[in-house]
Amino acid sequence: MLRRVGSSPTFRTSNDLDAGNLLPMSTHVSIQEVLEAAIVRALATLSSNGVLPAHVELPLTITLERPKNRDHGDYATSIALALAKSAGIAPRDIATALQAALLADAAVSKDLAAVDIAGAGFLNLTLAKASQGGVIASILTSGSEFGKSSTLAGVKVNLEFVSANPTGPLHLGHTRWAAVGDALGRVLSAAGAHVTREFYVNDRGVQMDLFGESIRSAALGIARPEAGYHGAYIEDIASAIVTTNPEFKELPEEQSIHAFRDAGYAIQLADQQRVLDNMNTHFDIWFSEKSLYEDNFFNHCLETLKKQGHVFEHEGAIWLRTTDFGDDKDRVMIKSDGSFAYFASDSAYYISKRERGFDVLIYMLGADHHGYVHRLKALASCAGDDPAKNIDILIGQLVKILENGEELKLSKRAGTIITLEELIEKVGVDAARYTLIRYPVDTPMVMDVDVLRSRTNENPVYYVQYAHARICGVLRNATDLGIDFGVDHIHPELLEHERERELIGALGEFPRIVASAAELREPHRIARYLEELAGTYHRFYADCRVLPLGDEPASELHSARATLCKSTAQVIANSLELLGVSAPEKM
RNA sequence: GUCCCAGUAGCUCAGUGGAUAGAGCGACCGCCUCCUAAGCGGUAGGCCACGGGUUCAACUCCCGUCUGGGACACCA
């Protein structure tokens with residue numbers, strides 16, 4: 001993969017000047033980065049000594065790949081293939097020259113056991129054994145910081161997710177974002193971004209009034225409004241309110257509805273907060289829609305938008321001309337009767353986020369809201385922003401839940417689809433979170449309750465947690481046996497078994513996985529990596545005895561392997577932390 | 001009608017333009033007198049929906065077709 005000279009990373013902003021303060025963590029330069037720099041130097045050498053014609057544009061950075069096939073070394077690059085055409089030279093000839101330049105580079109030649117040319121012109125690098133230990137040292141010294149990066153340093157991100165109406169319990173439609181959104185927040189933070197997690201509360205409008213009316217009807221024992229809320233939870237809320245405020249029943253109808261509405265809202269919101277908290281999902285800001293209309297804030301937003309020239313009046317209503325930016329129709333903000341359309345809130349909320357200093361606004365929406373994508377991007381344009389840079393909309397497909405082979409649809413309590421809380425009661429927080437996170441959000445998914453309760457390979461969360469618990473067990477035994485392990489016992493030259501090489505290689509990939517998960521907004525990559533890493537560990541464990549057998553005396557190899565185990569446990573724990581899933585020491 | 005998403009092993013799904021396309025399940029065959037068998041190994045199973053194009057190189061990018069799912073409001 002080439003990165004062009006002038007192309008600035010998408011998410012950098014002018015705030016970068018402060019970035020230095022945010023990055024005290026890992027200053028360790030990995031062997032991979034050292035080699036990548038060496039290849040760039042080698043290319044420059046080839047250019048200056050005439051092997052490559054002067055007109056060939058050289059990449060300023062390159063990214064080494066990790067070959068799937070171990071016969072292809074520890075790292076590989078196809079740079080010779082990529083440059084062959086513009087250079088007018090056979091790729092294998094470029095590769096040969098590159099090979100010579102690398103081996104002549106004193107800065108890296110000692111790290112390389114072999115530089116091979118393969119296939120059409122791939123350059124395969126095999127590390128010297130002693131040079132593989134760097135990543136282990138780095139993991140052990142960085143600890144829980146290992147994997148963090150500065151790829152998004154200085155970027156202020158507003159991450160909005162869940163944003164359920166406070167008129168009922170959180171249900172299956174919210175669970176995916178509750179897990180994925182929280183994980184994405186963790187991943188973005190690990191990449192150095194300054195993340196604010198926000199829950200938008202729709203606390204005004206017709207739905208709220210219907211909610212109040214429904215509760216009051218339940219309290220009075222009269223029929224609920226047709227379009228109102230019919231779940232059994234309404235009864236619970238009503239009786240809770242009547243217990244503390246019996247007088248609400250006696251108020252005139254409108255006041256009574258409002259009283260029940262406001263009290264019910266407080267109860268329901270608190271309930272949502274409790275459930276999310278139990279799910280290990282946390283928010284920094286609970287943003288009230290109502291507040292957008294307080295203190296003249298909405299008018300201020302309208303003025304701001306007017307200055308950009310896309311606001312107009314038509315048939316007594318105030319519109320935003322979103323069709324200027326690709327929306328399929330213009331959007332009403334203030335209806336002809338003077339009331340606010342929903343888009344008024346969307347607009348003001350957008351302005352609010354930007355004025356609070358966020359560079360990137362991430363919206364996580366359900367598939368049923370995908371029609372919002374165009375209008376939100378157009379809104380960003382209408383506000384004078386660059387939608388490609390300032391706004392990022394993720395659409396999550398639906399989740400189905402299966403039990404005993406049948407789809408669960410109804411929740412007894414909510415009278416709607418199954419609630420988030422019921423899901424957690426069934427499978428537990430770890431299994432629920434992990435499963436929801438491990439799939440890309442743009443594909444529909446099915447959660448099978450029976451699988452999530454099973455303790456086998458088909459339940460990835462246990463597979464991964466088991467690897468961690470297994471290592472912890474080994475390390476406990478190592479300690480009991482008086483085996484030393486840690487930074488002073490890495491002994492990379494002793495770790496020459498194929499399984500050991502694989503494991504070390506997998507550990508070294510972690511920082512790059514985190515960075516790409518952050519840039520692509522795809523936390524599922526962490527889970528997939530984790531499964532890969534756990535599998536690699538289990539295979540290592542099966543083939544490489546860590547602790548002495550019977551009366552066998554302890555050797556440096558035992559220490560080295562225990563140290564490798566310790567660093568693996570650290571990376572597994574760091575990965576699980578990014579997903580908000582626990583890393584048990586015993587299972 | 002317009003727009004969005006998907007189509008990869010029998011099933012559920014990974015796969016950020018690279019070499020021989022992967023995992024789990026299901027099927028079949030194996031591995032615990034010793035560190036957690038919630039584990040490991042092996043066999044079988046593929047026209048990466050179809051047709052063009054771009055590229056040294058396409059499951060991956062572009063265009064089109066087919067099939068499946070979803071969305072369209074002066075509702076919230």
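Chain letters run A, B, ... following the sequence lines, proteins first, then strands; residues in each count from 1.
- Checked by atom type, the side-chain pair A:Gln272/A:Gln268 shows no donor-acceptor distance below 3.5 Å.
- Counting non-hydrogen atoms under 4.0 angstrom, A:Asn202 reaches nothing in the nucleic acid.
- With B:U16, B:U36, B:A14 as the candidates, the nucleotide lying closest to the side chain of A:Pro440 is B:A14.
- Looking at A:Gln207 and A:Thr167, their side chains never bring a donor and an acceptor atom within 3.5 Å of each other.
- OP1 or OP2 of B:A73 has at least one side-chain nitrogen or oxygen of A:Arg375 nearer than 4.0 Å.
- Among the heavy atoms of the strands, none lies under 4.0 Å from A:Asp346.
- Between A:Lys68 and B:A19, a side-chain N or O to OP1/OP2 separation shorter than 4.0 Å is present.
- Residues of residues 114-121 of chain A that place a heavy atom closer than 4.0 Å to RNA chain B, in numerical order, are A:Ala118.
- Environment of CD in A:Glu498: crowded, with over 12 heavy atoms of neighbouring residues, nucleotides or ligands closer than 6.0 Å.
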Point to revise | Watson-Crick and G-U pairing of RNA chain B written in dot-bracket, each distance under 3.5 angstrom, with | for inter-strand partners | key: (((((((..((((....[...)))).(((((.......))))).....(((((..]....))))))))))))....
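- Here A:His72 counts as stacked on B:A19: its ring centre is under 5.5 angstrom from the base ring centre and the planes meet at under 30°.
- Both thresholds, 5.5 Å between centres and 30° between ring planes, are not jointly met by A:Tyr463 relative to the base of B:A38, so the two rings are not stacked.
- Backbone-only engagement by A:Lys329 is indicated by non-hydrogen atom pairs under 4.0 Å involving sugar-phosphate atoms exclusively.
- For the residue pair A:Asp484 / A:Ser559, no side-chain donor-acceptor distance below 3.5 Å is found, with atom types taken as modelled.
- When each of B:A71, B:U36, B:G18 is scored by its nearest atom to the side-chain atoms of A:Asp368, the top-ranked nucleotide is B:A71.
- Taking side-chain N and O atoms only, A:Thr443 has no distance below 4.0 Å to OP1 or OP2 of B:U12.
- Within the nucleic acid shown, A:Val546 comes within 4.0 Å of at least one base atom, counting heavy atoms only.
- OP1 or OP2 of B:A37 sits under 4.0 Å from a side-chain N or O of A:Arg470.
- The residue A:His370 sits close to a base: some heavy atom pair falls under 4.0 Å.
- For B:C72 and B:C56, the P atoms lie 45 Å apart once the distance is rounded to whole Å.
- Aromatic stacking is not marked for A:Tyr466 over B:U36, as the cut-offs of 5.5 Å for the centres and 30° for the planes do not both hold.
- Of the side-chain N and O atoms in A:Asn124, none sit less than 4.0 angstrom from OP1 or OP2 of B:A19.
- Atom CZ in A:Arg545 sits about 15 Å away from atom P in B:C32, given to the nearest Å.
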Exercise for review: For each nucleotide in nucleotides 23-31 of chain B, reading 5' to 3', give B when a protein heavy atom comes within less than 4.0 Å of its base, S when such contact involves only the sugar-phosphate, and - otherwise.
Suggested key: -SS------
